[in-house]
Amino acid sequence: MPNSSTTPPDLYRIRVAVAVHVYDCFDYTLTAEQYQQAEVGARVAVSFGRQNLIGIIVEKLPFDAPIDPRFKLKAITELLDEQAILDQTILNLLTWSAQYYQFPMGEVFQSALPTFLRQGKPYNLLARMWKVLDLKAESKVSRSIKQQDAYKILKLHPSGTTENILNLAGIETATLKALEKKAIVACVLEDQDFTPQAISLAQMPLTANDEQKHAIQQVIKSAKKYQAFLLDGLTGSGKTEVYLQIMQHVLQQGKQVLVLVPEIGLTPQTISRFQSRFHGNIVLLHSGLNDSKRLQAWQAAQTGKASIILGTRSAIYTPLPNLGLIVLDEEHDLSFKQQEGFRYHARDVALYRAHLAGCPIVLGTATPSIESYALVQAGKMTHLQLNQRAGIAVMPKVHLIDLKIAQKQNGISQQLMDEIQKRLDKKEQVLVFLNRRGYAPVLICESCAWQAKCPHCDANFTVHRVPYQHLHCHHCGTIHRMPEHCPQCQHAELKPIGLGTAKVEERLQQLFPNFEVIRVDRDSTSRVGSWQKIYDKIQKSEPIILLGTQMLAKGHHFPYVTLVAILDIDSGLLSVDFRATERTAQLIVQVSGRAGRGEHKGDVYLQTLRPDHPLLNTLIQQDYRHFAQQTLKERQAAQLPPFRYAALIRCESKDQAQNQAFLQQHAQALREISENLIDIWGPIPAPMERKAGRYQAHMVLLSTDRARLHFYLRAWWQNMLHQKPSTMKLTLDIDPQELS
Ligand code: ADP
Ligand code: ZN
Ligand code: ZN
């Protein structure tokens, strides 16, 4: 240790990932004592500009580290954690993510923390209890209203109140600390038990069939090292049972298992299957939890107390000291990709995480993404197949209805109505699928063909009738009164055309007045618990018609549904996005997969104006795998992702000419520095050029060499950010999933 009298003030330094949208990490000074205590992976409070922010220590700098002359060194405000709360593996994963997705490190690091810890609250918040020491201290309490309120409340609960509850009641920790200084109140810590809890079987496993057995054994064989598996199993083929039996093996080794699912709220059944199989500490991590529940669950995971961690996308960044397996269910689901801010793909991050942890990872689905098939083809992922439905269920038969020639009323064919009637008469359930909310997608004038358009977007207004008649833009949220006559020709007949779920609901209710029609979409299930109620109903063998959007496509087990009707997927067949056919095929197969999962055989009826479309024919005459193999070949021939790596630049401002010119100029610069090794598409106007009053332009960069793409991209992207006008918004999307 150098002699303190000659010690320069900036000797003890740490590097901090500050929670702010700036790419660099920043150095701060601290005292010798703080430096001793500071751990990489712990939180610090720092001042940044005029703000007080939280950061994570990423490095303790050696004394001889050079000082960055660009910044004036400041001292930290406070060390917030005595110990690291993010372990080295998570720090590596976060650092890799920040670099790979080219997003500010400090913000990326925040994704690993539950809200309370992001806000700088103490790690042991839930254990902190405040008690009154002196019940006759009124005179000692200062006149501040805050202190008096705090004192009154604490007096009401002599046995103590947790800090968290006090905070929620508006009593700040600073106020409590002020009272503590005067010895009026004290903080006591309750014991927090973080010892790992043993896990045991609560329910006997099913007897696995041969295909299931093979899959289970393959994964167990590599249970102690990194290997990626694609569990490619038909809908209802028993993938969940495979996960459960592999988990059982890993849990018996005392390891933790991370299970990622698309949306917890939508799959209560899957969750309860995990919960009923194992006794022990299973925690859920998803956005529906309140902040204290979330902290509690996160700590159980982070300390190793919990053995099974079930979560959505962001749970991939939870520290797990003992990770032994990752399961990612419905791997094709788009919700694994964050579509704003830090645009990571949890599937790709999960693969890297399993690699860091040296454990197997199982990606399961009935409709694998083309990315996963490409990894199988490249020998980077092991392909496991389940080709039969488990138990006695068989795959449903798919029938096409040609809407061009069919007899129909309001977009629903007579043949379909007859089939629905037959199922209901047999007391079976029917699922009607339409991926469009609202009453009708277009309002048109019968006289002059005027259409109601959102004034801020290049889009039609959707007609809604509930809770009152109105026009709603699904892109920017604008709501307008329903016009009484045409603003162009004053004609009084305005007609809603096209189908939305609300209109189909009205229609079905008229046609089948004796049966219940249940609509499931974001409009009807936004209230907490409403989806659970609907779910319970579906599990009873009563004849009902379920009508809904893609919420109904997600992995559910509906044993009494024998007919699935797909009303309109034609827009997916016509879209310009090269991934549109893949998404449409997945949707058709997933929705169809809800039919015939019980003892009765299922049928699927698909209405279309394009019955000869090659996608439909491959899917129906062959299957999803054939479709995927064809798509894989086409993508390879056209050198589209995943055969080339892509990055999408989105540029948004009030001036499209400015967007285009800016992108054009930087495209030229990139061509020069990369010596034309990177292929550049665009700039072109975005598919929806104007949204919420702003114009968007796109540019896509492509390369067969991922490292090279990222290498050139880094400096170029930073440069663009520096040069852009302040009124322009630029975003970078690495491995974009949607070109809109
Ligand atoms: P997936 O996840 O592939 O869609 P599930 O795991 O939901 O399929 O299985 C569908 C149904 O088959 C469930 O009711 C499940 O209990 C049952 N099942 C799965 N495996 C077996 C098995 N080996 N024997 C009997 N029934 C099974
Ligand atoms: Zn008109
Ligand atoms: Zn709009």
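Remember, it's a predicted structure, so these values are computed and weren't measured experimentally. By convention here, the first residue in the shown sequence is residue 1. Remember, it's 1-based here, ligands and their atoms both numbered in the order they're listed.
- Contact annotation: for L206 versus ligand 1, heavy atoms closer than 4.0 Å belong to the side chain alone.
- Taking the six-membered ring where the residue is Trp, the centroids of Y605 and H399 are separated by under 6.0 Å.
- G236 counts as a contact of ligand 1, since one of its heavy atoms falls under 4.0 Å from the ligand.
- The SG atom of C486, the Zn ion (ligand 2) and the SG atom of C448 define an angle of 110° (nearest 10 degrees).
- Of the possible polar contacts, none joining the Q388 side chain to the S237 backbone as a donor-acceptor pair under 3.5 Å is found.
- Classification of E241 and R277 as a salt-bridged pair holds, one side-chain N sitting under 4.0 Å from a carboxylate O.
- D458 and K691 are not joined by a salt bridge, as no carboxylate oxygen comes within less than 4.0 angstrom of a charged side-chain nitrogen.
- In R594, neither the side chain nor the backbone holds a heavy atom less than 4.0 Å from any atom of ligand 1.
- A salt bridge does not link K239 to D329: none of the charged side-chain nitrogens sits closer than 4.0 Å to a carboxylate oxygen.
- Outside the 6.0 Å centre-distance limit, the rings of Y624 and H626 are not counted as a close aromatic pair.
- Every atom of ligand 1 is numbered from 1 in the order shown, and the set under 4.0 Å from a heavy atom of T207 is 22 (C), 23 (N), 24 (N).
- The angle subtended at the Zn ion (ligand 2) by SG of C489 and SG of C445 is 110°, given to the nearest 10°.
- With S372 contributing its side chain and P368 its backbone, the two residues share no donor-acceptor pair below 3.5 Å.
- Ligand-side atoms of ligand 1 in range of R273: 5 (P), 6 (O), 7 (O), 15 (C), range being under 4.0 angstrom from any heavy atom.
- Residue-level proximity to ligand 1 for Q212 is carried by the side chain, the only part with a heavy atom below 4.0 angstrom.
- Within ligand 1, the atoms closer than 4.0 Å to a non-hydrogen atom of G238 are 1 (P), 3 (O), 5 (P), 6 (O), 8 (O), 9 (O), 19 (C), numbered from 1 in the order shown.
- The backbone of L234, and not its side chain, has at least one atom closer than 4.0 Å to an atom of ligand 1 (non-hydrogen atoms only; backbone = N, CA, C, O).
- Of the possible donor and acceptor atoms, one in the side chain of R690 sits under 3.5 Å from a partner among the backbone N and O of C457.
- With a 6.0 Å cutoff to the six-membered ring centre and a 45° limit on the axis angle, R313 does not count as a cation-pi contact of F336.
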task: Please step through side chain to side chain donor-acceptor pair (under 3.5 Å) for the pair N659 and Q696, ending with a clear verdict.
output: CA-CA 7 Å; N659 293 343; Q696 294 212 15; over 6 Å; no
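- Counting heavy atoms only, A390 comes closest to atom 17 (C) of ligand 1 of the residues A208, A366, A390.
- Among protein heavy atoms, atom 11 (C) of ligand 1 sits closest to H557 CE1, 4.1 Å.
- Between S237 and ligand 1, at least one pair of N/O atoms sits closer than 3.5 Å.
- Angle subtended at the Zn ion (ligand 3) by C476 SG and C473 SG: 110°, rounded to 10 degrees.
- At a cut-off of 2.8 Å, C454 is counted among the residues with an N, O or S atom near the Zn ion (ligand 3).
- Remark: minimum distance from atom 2 (O) of ligand 1 to any protein heavy atom is reached at T240 OG1, 3.0 Å.
- Residues H472 and F461 keep their aromatic ring centres 6.0 Å or farther apart.
- Shown in contact with R597 at under 4.0 Å from a heavy atom are these atoms of ligand 1, numbered in order with element: 4 (O), 7 (O).
- Here H475 fails the criterion, with no N, O or S atom under 2.8 Å of the Zn ion (ligand 3).
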task: Give the intermediate values and the outcome of side chain to side chain donor-acceptor pair (under 3.5 Å) for residues H332 and T365.
output: CA-CA 7 Å; H332 65 280; T365 175; 2.7 Å; yes
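- Using a non-hydrogen distance threshold of 4.0 Å, R389 does not register as a contact of ligand 1.
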